[in-house]
2 protein chains.
Amino acid sequence: MRKTKSTILEAVHETAKGLHKVGVLDQVTLREFDRLCLPPIEPLGPEQIKQIREAARVSQAVFAAILNTSVSTVQKWEIGQKRPTGAALKLLHLVQKRGLEAVV
Amino acid sequence: MRKTKSTILEAVHETAKGLHKVGVLDQVTLREFDRLCLPPIEPLGPEQIKQIREAARVSQAVFAAILNTSVSTVQKWEIGQKRPTGAALKLLHLVQKRGLEAVV
DNA sequence: CCAATCATATCACTAAGTGCTATATTCTAT
DNA sequence: ATAGAATATAGCACTTAGTGATATGATTGG
């Protein structure tokens with residue numbers, strides 16, 4: 001990460017301070033995070049999850065396989081016994097927006 | 001898959017029985033699942049996960065935000081204290097193959 | 001130089017996720 | 001028709017991923 005930046009850039013032009021943010025080698029940190037403007041990942045209710053799956057026209061088993069989770073989990077999502085969070089929620093949003101193909 | 005078959009066959013041969021399943025209403029079930037040939041989602045080691053993130057040139061915090069998980073979780077993945085499974089593992093594979101843009 | 005911000009690491013707790021089993025229903029093929 | 005297969009739903013007990021808070025060290029900027 002910044003290791004390489006220092007090595008290369010500083011070797012050439014070590015006084016220029018703001019230059020370290022220019023190259024492709026630089027890392028995106030929280031400082032530029034505002035520009036990313038990530039869409040907020042909102043929680044999905046049981047019915048919504050079922051709708052997403054049915055819109056994709058797949059059974060619970062196939063849906064589970066594609067999301068790399070268990071049928072048991074998908075079922076619990078759809079009956080509201082468990083609520084997807086984190087990466088699972090993100091994946092579901094991806095399927096909702098871009099379809100199953102974007103995920104397979 | 002069966003979609004097309006049903007559409008054609010039932011259109012000609014309308015006993016009205018399977019009519020509600022015709023066309024776009026059909027669902028992909030486990031029966032045609034073999035054809036999907038899903039690539040097996042293999043577990044990712046700590047170093048691999050770190051490589052994926054560094055290849056994406058983002059900090060742990062940004063990486064976590066994009067995956068809709070916590071910084072704490074990303075850290076544990078990278079030091080091997082916890083292993084991503086299910087949807088999290090699927091998401092990581094997506095980033096590895098298609099890049100962060102495919103997920104944002 | 002000092003303060004602020006970022007990145008990384010550690011710890012304890014909660015709940016998501018898994019596997020299993022069982023039942024009822026629906027579709028398929030003989 | 002009828003048997004066989006696949007789907008959807010449900011409940012239980014267990015494991016561990018995931019989360020939040022906090023602590024330490026490294027960078028940056030005023």
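A:Ser70 OG to A:Gln60 CD: the interatomic distance, rounded to the nearest 0.5 Å, is 11.0 Å. Note that the CG atom of A:Leu94 and the CG atom of A:Leu67 stand 10.0 Å from one another [nearest 0.5 Å]. A distance of 7.0 Å separates CD in A:Glu54 from CD in A:Glu78, rounded to the nearest 0.5 Å.
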Practice item. Could you go through the side chain to side chain contact (heavy atoms under 4.5 Å, CB included) check for B:Val103 and A:Lys90 one step at a time? Key: CA-CA 9 Å; B:Val103 162; A:Lys90 174 77 181 188; 3.6 Å; yes
Practice item. List the steps, then state whether side chain to side chain contact (heavy atoms under 4.5 Å, CB included) holds for B:Arg53 with B:Val62. Key: CA-CA 10 Å; B:Arg53 177 177 65 84; B:Val62 173; over 6 Å; no
Practice item. Could you check B:Leu89 against B:Trp77 for side chain to side chain contact (heavy atoms under 4.5 Å, CB included), going step by step and ending with a plain yes or no? Key: CA-CA 10 Å; B:Leu89 190 55; B:Trp77 287 347; over 6 Å; no
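Distance B:Lys50 NZ to C:dA7 P: 13 Å, rounded to the nearest Å. Taking atom CG of A:Leu91 as the reference point, atom P of C:dA16 lies 17 Å away to the nearest angstrom. Separating the NZ atom of A:Lys90 from the P atom of D:dG18 is a distance of 16 Å, rounded to the nearest angstrom. Between the CG atom of A:Asn68 and the P atom of C:dG17 there is a distance of 12 Å, given to the nearest Å. One interatomic measurement links the two molecules: CD1 of B:Ile49 to P of C:dT8, which rounds to 14 Å at whole-angstrom precision. Between B:Arg83 atom CZ and C:dT18 atom C1' the separation is 18 Å, expressed in whole Å.
Proximity of A:Trp77 to the phosphate of C:dG17: a side-chain N or O atom is located under 4.0 Å from OP1 or OP2. Contact annotation: B:Arg53 reaches the phosphate of C:dT8 (side-chain N/O to OP1 or OP2, under 4.0 Å). Checking the phosphate oxygens (OP1, OP2) of C:dT8, a side-chain nitrogen or oxygen of B:Gln60 falls inside 4.0 Å. Between C:dT18 and A:Thr73, a contact under 4.0 Å exists linking OP1 or OP2 to a side-chain N or O.
Criterion: ILVMFWY side-chain heavy atoms under 4.5 Å apart, direct or through other members. Under it, B:Ile52 and B:Val71 are not part of a common hydrophobic cluster. B:Ile79 and B:Leu44 sit in two unconnected hydrophobic clusters of ILVMFWY residues. Membership requires side-chain heavy atoms under 4.5 Å apart, directly or through other members.
If you check every strand for non-hydrogen atoms under 4.0 Å, B:Ala87 touches nothing. Within 4.0 Å of B:Glu78, counting heavy atoms only, lies no atom of the nucleic acid at all.
You'll find that the side chain of B:Thr69 is closest to D:dT19, out of D:dA8, D:dT19, C:dG19.
When each of B:Val71 and B:Gly86 is assigned the nucleotide of DNA chain C with its nearest heavy atom, B:Val71 is the one assigned upstream, toward the 5' end.
By the side-chain hydrogen bond (donor to acceptor under 3.5 Å, both in side chains) test, B:Lys76 pairs with B:Ser72, sequence neighbours left out.
Each end of the helix from C:dC1-D:dG30 to C:dT30-D:dA1 gets its own rotation axis from five pairs of C1' atoms, and the angle between them is 60° to the nearest 10 degrees.
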Polar-atom pairs under 3.5 Å, protein N or O versus N or O of nucleotides 11-13 of chain D: list them with distances, or write none.
from, atom 1, to, atom 2, distance (Å)
D:dC12, N4, A:Lys76, NZ, 3.3

